[in-house]
2 protein chains.
Amino acid sequence: MPHSPPARAPQAGHDHQDCVRAALQAAERRCAQSGARLTLVRKRVLELVWDSHAPVGAYALLDALKAEGQNAAPPTVYRALDFLLEQGLVHRLERLNAYVGCPHPMGPHSAQFLICQTCGQVQELEDPAIGAAIRAGAERLGFLATRQTIEVEGLCQACRTA
Amino acid sequence: MPHSPPARAPQAGHDHQDCVRAALQAAERRCAQSGARLTLVRKRVLELVWDSHAPVGAYALLDALKAEGQNAAPPTVYRALDFLLEQGLVHRLERLNAYVGCPHPMGPHSAQFLICQTCGQVQELEDPAIGAAIRAGAERLGFLATRQTIEVEGLCQACRTA
DNA sequence: TCCAGACTGTCATACTATAACAGTCCGTTC
DNA sequence: GAACGGACTGTTATAGTATGACAGTCTGGA
């Protein structure tokens, strides 16, 4: 592996090109391993999602593709996103109807998302204690939890100190 | 208070009319206390939301209103829902773009939702340990959590045993 | 080379939500 | 009781998000 995965808490000054490169390389590995085909459209959509640490809407991706002269319609984008979601390469933020890149696509996945109200950036948190607390709470009501959506709004460190 | 709030884990055989009555009475109290006006439209929408413990979409509510002969358009429903959300009388489920009644509108609100994949019913869970775990996990990244969306899919007790 | 399956292009449409403006109701003030 | 102001509702139009369906193309394997 050329270098460690991108920081979980991206700083304003970080070299975002590193994030993008790392994400694309991880995606290549992930797909090679699973036998999935990371085609041009899919790869381009993944790059566009990674253009920032902020979530992007499907129609913003569509506009970006069109601006590059690609023949693109809503299904183009949604199919690519479906593929990327299946492969664990991006996540969907339900509150925002938007998508972010996953910084550690090879790992386990019951992630939590921290959405900054000020700068709009999203950090992914992977805290086993949270998942465990939820499973335990659910189990007390006899409920068997299989999938969790956890999205937290608030202020990121950079915006708090600023 | 005429009787205790509806059970958090509604059973197939429970008398749902009790739930509805209790919810409407709690809503009246809540609004009387806050000075908000629970008008006819708002009350009717709240009743329709409470028709079951399963989440209802805005356009299903709209159809129901129209079927009753009311003049109704999307804003009619969305305004009523906005009001009910503000008053804490209903919750929105982001994963489903749908709404459920809140069984304890007078209490504090950082609730978690358990959505059964089989029967579609939703239970509200209010476990302080979950909120605390999330705030703690976020704080370790320097993130100040102000609002949480927690939606858990799985199997409810009734569907597990069935 | 042919075939089957996966992928993409394209058109149409469904579903979810809000903007904007006019009209109505209701309590308050004078 | 009349005028006023604010909250609420009706109505039309439109924005934003997502999917169905079908035809054409590409790719790898028999």
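Everything numeric here is computed off the predicted structure, so don't read it as measured data. So that the names make sense, note that chain A is the first sequence line, chain B the second, and so on, each numbered from 1.
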Do the two ring centres, one from Tyr99(A) and one from His91(A), sit under 6.0 Å apart?
no
Please work out which of the three classes, parallel, tilted or perpendicular, describes the rings of His16(A) and Trp50(A), given edges at 30° and 60°.
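Tilted.
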Looking at the side chain of [X], which of [options] is the nearest nucleotide?
| X | options | answer |
| --- | --- | --- |
| Asn97(B) | dA17(C), dT9(D), dT8(C) | dA17(C) |
| Arg92(B) | dC26(C), dA17(C), dC7(C) | dA17(C) |
| Ala58(A) | dA18(D), dT9(D), dA7(D) | dA18(D) |

What pair of heavy atoms forms the shortest contact from Val90(B) to Leu81(B), and how long is it?
CG2-O, 4.3 Å
Nearest heavy-atom neighbours spanning Arg30(B) and Pro105(B):
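Smallest interatomic distance, heavy atoms only, reads NE-O, 3.5 Å.
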Round to a whole Å and report the spacing from [atom1] of [X] to [atom2] of [N].
| X | N | atom1 | atom2 | value |
| --- | --- | --- | --- | --- |
| Glu94(A) | dA17(C) | CD | C1' | 16 Å |
| Gln70(A) | dT8(C) | CD | P | 10 Å |
| Leu61(A) | dG16(D) | CG | C1' | 14 Å |
| Leu96(A) | dT16(C) | CG | P | 18 Å |
| Asp63(A) | dG16(D) | CG | P | 10 Å |
| Leu85(A) | dT17(D) | CG | C1' | 15 Å |
| Lys66(A) | dG9(C) | NZ | P | 13 Å |
| Asn71(A) | dG24(D) | CG | P | 16 Å |

Return whichever of Ala60(A) or Val41(B) has its heavy-atom-nearest nucleotide of DNA chain D closer to the 5' end.
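Counting from the 5' end, the first nearest nucleotide belongs to Val41(B).
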Stretch residues 72-81 of chain B: residues that reach within less than 4.0 Å of DNA chain D through a heavy atom
Ala73(B), Pro75(B), Thr76(B), Arg79(B)
Relative to the 5' end of DNA chain C, which residue comes earlier, Thr39(A) or Asp82(B), by the nucleotide with the nearest heavy atom?
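This one resolves to Thr39(A).
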Using a cut-off of less than 4.0 Å, is there contact between a side-chain N or O of Arg37(A) and OP1 or OP2 of dG28(D)?
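Indeed not, no polar side-chain atom of Arg37(A) lies that close.
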Does OP1 or OP2 of dA17(C) have a side-chain N or O of Tyr99(B) closer than 4.0 Å?
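So the side chain of Tyr99(B) is within the cut-off, an N or O lying under 4.0 Å from OP1 or OP2 of dA17(C).
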Looking at dA15(D), does its base get a donor-acceptor pair with the side chain of Tyr59(A) below 3.5 Å?
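Absent.
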With Tyr78(A), which residues qualify under ring pair (Phe, Tyr, Trp, His ring centres under 6.0 Å), at least two apart?
none
Residue among Arg95(A), Glu94(A), Glu153(A), Glu151(A) satisfying side-chain hydrogen bond (donor to acceptor under 3.5 Å, both in side chains) with Thr149(B)
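Going through the options one by one, the only one that passes is Arg95(A).
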Between Arg79(B) and Asp82(B), is the salt bridge (Lys or Arg N to Asp or Glu O under 4.0 Å) condition met? List the steps.
CA-CA 5 Å; Arg79(B) 281 180 197 139; Asp82(B) 284 346; over 6 Å; no
